[in-house]
Amino acid sequence: MNLTSSGPAALKSFGGLDDLHALIDTVPDAMIVIDTTGQILSFSNGAERMFGYAETELIGENVSVLMPSPDRERHDSYLEHYIETSERRIIGIGRVTTARARDGATFPIDLSVGEVNLNERKAFVGFIRDLTDSKETEQQLHSLQADLAHVSRISSMGMMATSIAHELNQPLTAITNYTEAARDLLDEPNEESIAHVREALNECAAEAIRAGQIVQRLRSFISRGETTREIVSLARVVKEATALALINGDARDVDFEVMLDDADDRVLADPVQIQQVLVNLIRNALEAMDESTVKKLVISSHNNDDNMLTVTISDSGPGLDQHVAEHLFHPFISTKASGMGLGLSICNTIINAHNGKIWAEPSPLGGTDFHFTLISAKGDTNNG
Ligand code: ADP
């Protein structure tokens, strides 16, 4: 596409874009050039493939059409803020975030933005890499450094959980053996057999206590008193968690919406741990909707008037299995073939350590609402 011949008149003054475009199209990742008002000046071949739009459809449109809410509504103000203050929140920095394709699918991206002067007019160039199904996902995750340090934490918890599950087998096997022996001994009750039954039951009780201690070890490992509380932007934590949770691409057909209370964005929390909670809850919601025809996931927040903020993850899945609902947040409760049943108990431990509460109830969307509360630290919104 030749911008000089088919682009809107206002954009023609950006001379040199033809050359730039030829250059851009040689790059496999998406590159998008916008002016200072957010209007798209150029949309590379890579971007056409990634977003499903033709360049001709988007030239002159606002770049926010490529973003899910709430960035879609807020992008103009992010740009205005930068133009006014030159305060860099993304330009020259880059970050993992989410994008929205033509078909409404939300997907995780690695976005870097550079600033250029084209014919003495300022423009921004966005370089976008789709992180969905990326073979380099693991490598990418590692390069996300401190903010995403919890990834290794999750995997070390996974390893810990496997070894604990193994350890738990011992007391459970012992309990099975003792109870079977006791039952058989009761076939011909006499003084001696009753004494043996008593002994077997004592052993059972001791083994059950041992099993409880093993589980307790896991809980204290998870909450190892490492919670560092700081005032953080909930919107930012949600954005990063969302990008992470969407990384393996199973949410492409999910209608994903984030509706956070702008007026109350600041919470007192360990951002890494809260991201962990969000990633767990989002992944669970996505997995629950695997077979659903309507797939809708909404993350919302509201203030409770009691200095706490409630965050809700709602899905349109099948709702909670009854057995799971009765033991929700207990470890090792799972309906999944490969599930460890630890996600929710970890969430519970983390939220309790933050002096919050976590609970579930049927969702107006038809599936499940998971709510958790965090201490609100009222202040200015800063989600850029
Ligand atoms: P896991 O995901 O390993 O099974 P979790 O503790 O995260 O462990 O979840 C426990 C169980 O809770 C899941 O196996 C599933 O049955 C149920 N569950 C969790 N979230 C949802 C949800 N959003 N909708 C329906 N069921 C859910």
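Quantities reported herein were computed from a predicted structural model and do not represent experimental measurements. Note that ligands are numbered from 1 as they come in the structure, with each ligand's atoms numbered from 1 the same way.
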Legend entry - Within 6.0 angstrom of Glu188 CD, more than 12 heavy atoms from elsewhere: no
Inset, instruction - Step through it carefully: locate the ring centre of Phe256, locate the ring centre of Phe107, and say whether they are under 6.0 Å apart. - result: no
Inset, instruction - State, without any angle test, whether Asn307 and Ser376 hold a side-chain donor-acceptor pair at a distance under 3.5 Å. - result: no
Legend entry - Cluster check Phe372, Ile375: I/L/V/M/F/W/Y, side chain < 4.5 angstrom: no
Inset, instruction - Could you give me the CA-CA distance, side-chain angles and deciding distance for Thr310 and Asn304, then say whether side-chain hydrogen bond (donor to acceptor under 3.5 Å, both in side chains) is met? - result: CA-CA 7 Å; Thr310 304; Asn304 296 345; 2.8 Å; yes
Legend entry - Enumerated ligand 1 atoms positioned under 4.0 Å from heavy atoms of Val324: 11 (C), 12 (O), 16 (O), 17 (C)
Inset, instruction - Examine the proximity of ligand 1 to Leu344 and report which part, side chain or backbone, both or neither, has a heavy atom under 4.0 Å away. - result: both
Legend entry - Phe329 touching ligand 1 at heavy-atom level, < 4.0 angstrom: no
Legend entry - Side-chain H-bond candidate by donor/acceptor type, Asp261 with Ser301, under 3.5 Å: no
Legend entry - Proximity of Asp315 to ligand 1 by residue part, where a heavy atom lies under 4.0 Å: side chain
Legend entry - Verify same cluster id: Leu168, Ile346 (apolar side-chain graph, 4.5 Å): yes
Inset, instruction - Look at the aromatic rings of His327 and His323 and report parallel, tilted or perpendicular, splitting at 30° and 60°. - result: tilted
Legend entry - Any N or O of Thr335 closer than 3.5 Å to N or O of ligand 1: yes
Inset, instruction - Could you list which atoms of ligand 1 come closer than 4.0 Å to a heavy atom of Ser334? - result: 1 (P), 4 (O), 14 (O)
Inset, instruction - Return yes when Pro318 approaches ligand 1 closer than 4.0 angstrom through a heavy atom, no otherwise. - result: no
Inset, instruction - Decide whether the shortest distance between a heavy atom of Ala285 and an atom of ligand 1 is less than 4.0 Å. - result: yes
Inset, instruction - Would you please determine whether Leu320 falls within less than 4.0 Å of ligand 1 on a heavy-atom basis? - result: yes
Legend entry - Atoms in ligand 1 with a heavy atom of Ala288 nearer than 4.0 Å: 22 (C), 24 (N), 25 (C)
Legend entry - Contact (N/O only, under 3.5 Å) between Ser345 and ligand 1: no
